[in-house]
There are 2 protein chains.
Amino acid sequence: MRPLIDAQKKLLPDLLDVMQKRYRILQYIRLMQPIGRRTLSGNIGISERILRAEVQFLKEQNLLSISSTGMVVTPDGEQLLQTLEDVMREILGLKDLETKLKRILPIEEVIVVAGDSDLSPWVKKEMGRACAARLKERMSSHSIVAVTGGTTLAAVAEMMTADPKQGDVLFVPARGGLGEHVENQANTICAKMAEKAAGNYRLLHVPDYLSNEAYQSLIEEPAVKEVLQLIQSANIVIHGIGDAITMAKRRKTPEEEMAKIIAGNAVAEAFGYYFNQAGDVVHKVQTIGIQLDDLRHVRHVIAVAGGASKAKAIEAYMKQAPRSVLITDEGAAKALVRESYPSP
Amino acid sequence: MRPLIDAQKKLLPDLLDVMQKRYRILQYIRLMQPIGRRTLSGNIGISERILRAEVQFLKEQNLLSISSTGMVVTPDGEQLLQTLEDVMREILGLKDLETKLKRILPIEEVIVVAGDSDLSPWVKKEMGRACAARLKERMSSHSIVAVTGGTTLAAVAEMMTADPKQGDVLFVPARGGLGEHVENQANTICAKMAEKAAGNYRLLHVPDYLSNEAYQSLIEEPAVKEVLQLIQSANIVIHGIGDAITMAKRRKTPEEEMAKIIAGNAVAEAFGYYFNQAGDVVHKVQTIGIQLDDLRHVRHVIAVAGGASKAKAIEAYMKQAPRSVLITDEGAAKALVRESYPSP
DNA sequence: CCCTGTGTGACTTATTATGTCCCGCTTGTG
DNA sequence: CACAAGCGGGACATAATAAGTCACACAGGG
């Protein structure tokens with residue numbers, strides 16, 4: 001297949017551009033459906049008229065249907081997107097980025113999605129879709145999936161779909177309160193993901209900052225204890241990676257902890273842990289649930305993070321996270337590659 | 001690969017047309033190089049202006065180079081043509097024809113080349129190229145290749161190329177004189193093929209129509225005997241298939257033999273044998289060299305014949321020629337398929 | 001030496017693609 | 001219930017591009 005694409009690149013590069021354009025349009029519509037022409041043209045950066053021509057074409061090809069509420073991808077279109085996914089990734093050079101990233105980072109697998117989530121918010125959804133697909137591959141009946149918070153994970157939850165093949169899947173939050181807003185809390189995302197995936201879920205109701213005594217007594221609560229046990233036996237963990245300072249600021253981090261984070265030159269954050277450039281833990285939020293060491297016993301660890309601004313955080317975190325699957329975007333991947341191959 | 005192409009077809013239906021067009025242009029140039037734009041545009045049936053645009057594009061892609069003597073395919077272009085050969089055949093529906101032919105005829109392998117050699121003489125060259133490629137696969141060091149005459153075989157000889165990998169290959173004419181013109185005689189073609197393939201050759205100098213006494217004494221000639229022995233031990237035979245009447249007329253066939261051929265309802269001819277519709281031998285030209293029965297002991301038998309007009313001849317001949325490789329063209333293949341699948 | 005075939009440039013014309021504006025409709029919301 | 005926002009679709013002018021045509025300079029072969 002590869003030689004065919006290369007040959008096509010040589011023989012008709014202009015047509016591949018067109019193909020790419022149409023693919024992207026269809027992909028967008030799938031992401032934001034139902035959506036109108038004008039809104040889409042604004043989002044995608046194509047003039048309305050040309051988008052209109054393309055849309056009309058795609059409609060004639062039966063790849064999308066078009067009603068007064070907006071445009072929707074048809075089953076035909078869905079299948080086309082799926083068939084062409086690998087090819088487009090190859091054409092866009094994402095495959096290339098993936099192999100380069102694999103050489104740079106000690107990871108098991110990496111998926112690079114087109115775009116930069118710093119610049120275009122919908123790219124997170126695309127990462128979410130990719131994550132959901134990989135998650136499905138790894139889920140089996142009675143799997144326990146632990147998830148963390150963050151906007152990226154929210155996107156993953158949103159793109160999750162139910163799969164009749166897999167039976168009872170249980171979603172749990174990976175760790176207790178970290179100080180996030182409600183929509184980004186692990187509990188919220190956990191519930192949403194379970195709902196979308198038609199699975200069950202258990203929540204962990206823990207106040208953000210506890211005194212030691214309260215903490216100890218809470219752990220002994222039967223309800224809490226049971227959930228904690230489930231969390232400990234999770235075989236899949238999905239988490240985001242954040243920029244340390246940004247995360248610390250977003251959470252209501254007390255001053256002395258903030259100082260500690262800054263003093264330690266933290267650059268990365270993941271489920272309540274702060275890491276410096278070398279991947280060493282600089283600080284951790286005191287809460288219950290999965291601890292960093294527990295990760296080593298979890299079969300599948302999936303990290304989702306994108307945007308050029310997160311490149312450094314991803315690099316730092318991954319240094320100490322072996323056997324992970326990383327799902328990122330073009331922006332972050334390019335930044336990472338650029339850094340490691342200084343010349344061109 | 002098929003789903004990929006289908007998906008691409010949906011996303012840009014004219015992709016294949018353009019690809020095919022450019023491929024064909026490049027292919028032509030390779031066939032007739034060096035060639036000028038105007039001559040090419042006449043031959044290929046594309047207006048000069050549009051050909052010019054395509055040629056310019058191909059030049060920019062470094063697939064052909066262009067000088068005052070005409071256009072030449074670059075190594076890059078050669079490689080591209082090679083890479084795309086399989087794909088293009090499939091796209092043009094040739095693969096489909098091949099599978100159908102395999103069901104109709106008792107043959108080991110069949111290659112169908114685009115076009116109809118009745119209508120376009122260059123298609124023979126393409127068959128020649130295909131034949132040369134298959135021949136290379138089957139040749140090993142010290143192979144002995146027996147070839148017959150005919151215009152098609154002349155094309156095969158012309159498209160033959162030397163391959164440094166294979167060592168001493170010997171070319172011999174399959175049978176003695178059959179009454180052909182010089183340029184279509186087995187001897188001529190044998191020599192040419194050997195020259196192109198950088199191999200050795202031995203010739204068989206036998207007058208066309210011999211008396212029985214002369215025939216017997218000639219066989220005993222040491223020089224002739226030696227060559228005959230080589231011919232007997234050939235492990236590859238390449239031959240053409242002709243329309244019986246056409247071939248008989250072209251050769252200076254005596255009246256009584258002509259009557260025999262016509263009376264027997266001969267439709268096919270191959271290396272001096274005439275066959276009726278059922279594949280039975282109706283007549284044979286009396287000459288030395290490989291006899292029909294000998295073919296069964298030859299490892300590789302390659303038959304080359306194209307053009308819709310030869311469809312019946314091919315069918316008749318193939319009925320009694322098992323384990324052969326057939327190289328034909330779209331015109332003949334379609335005619336054959338049409339005959340066997342009456343309805344559509 | 002001429003003549004044929006070569007590429008290249010230039011020009012006009014036809015076709016297509018694109019930008020722009022407007023209209024009637026559905027739909028969700030106040 | 002009514003309103004406005006967003007929707008698709010039609011229409012048209014214009015810019016951009018492709019395509020047809022001709023003329024010219026040059027190299028190689030008979």
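Heavy atoms only: backbone and side chains are in, while hydrogens, waters and symmetry mates are out. Chain letters run A, B, ... following the sequence lines, proteins first, then strands; residues in each count from 1.
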For residues 58-69 of chain B, which side-chain donor-acceptor pairs fall under 3.5 Å, sequence neighbours excluded?
| from | atom 1 | to | atom 2 | distance (Å) |
| --- | --- | --- | --- | --- |
| B/S67 | OG | B/T69 | N | 3.3 |
| B/S67 | OG | B/T69 | OG1 | 3.1 |
| B/S67 | OG | B/G70 | O | 3.4 |

Please set out all donor-acceptor pairs under 3.5 angstrom arising from side-chain atoms of residues 120-132 of chain A, sequence neighbours excluded.
| from | atom 1 | to | atom 2 | distance (Å) |
| --- | --- | --- | --- | --- |
| A/W122 | NE1 | A/Y28 | OH | 2.5 |
| A/K124 | NZ | A/T151 | OG1 | 2.7 |
| A/E126 | OE2 | A/Q27 | NE2 | 3.3 |

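Atom CD1 of A/I35 is separated from atom C1' of C/dT27 by 16 Å (rounded to the nearest Å). The NZ-P distance, from A/K59 to D/dC7, rounds to 16 Å in whole Å.
Judged as a salt bridge (charged side-chain N to carboxylate O under 4.0 Å, His left out), and not counting sequence neighbours, A/R24 has no contacts. Partners of A/A194 by side-chain contact (heavy atoms from CB on, under 4.5 Å), not counting sequence neighbours, listed by chain and number: A/F171, A/Y201. Residues forming a salt bridge (charged side-chain N to carboxylate O under 4.0 Å, His left out) with B/D118 (at least two apart in sequence, or on another chain): none. Residues passing the salt bridge (charged side-chain N to carboxylate O under 4.0 Å, His left out) test with A/E54 are A/K21, A/R22, sequence neighbours excluded. Under the side chain to side chain donor-acceptor pair (under 3.5 Å) criterion, A/R38 pairs with A/E48, not counting sequence neighbours. Remark: B/T161 engages B/K136 in a side-chain contact (heavy atoms from CB on, under 4.5 Å) (not counting sequence neighbours). Residues satisfying the salt bridge (charged side-chain N to carboxylate O under 4.0 Å, His left out) test with A/R250, not counting sequence neighbours, are none.
Contacts of residues 18-26 of chain A with DNA chain D (heavy atom under 4.0 Å): none. Only B/S68, listed by number, bring a heavy atom of residues 60-78 of chain B to less than 4.0 angstrom from any atom of DNA chain D. Of all the residues in residues 40-56 of chain B, B/S47, B/R49, B/I50 reach under 4.0 Å from DNA chain D with at least one non-hydrogen atom.
Contact annotation: side chain of A/R37 to base of D/dG6, donor-acceptor pair absent below 3.5 Å.
Contact check on A/K196 versus A/E158 returns no salt bridge, with no Lys/Arg side-chain nitrogen under 4.0 Å from an Asp/Glu carboxylate oxygen.
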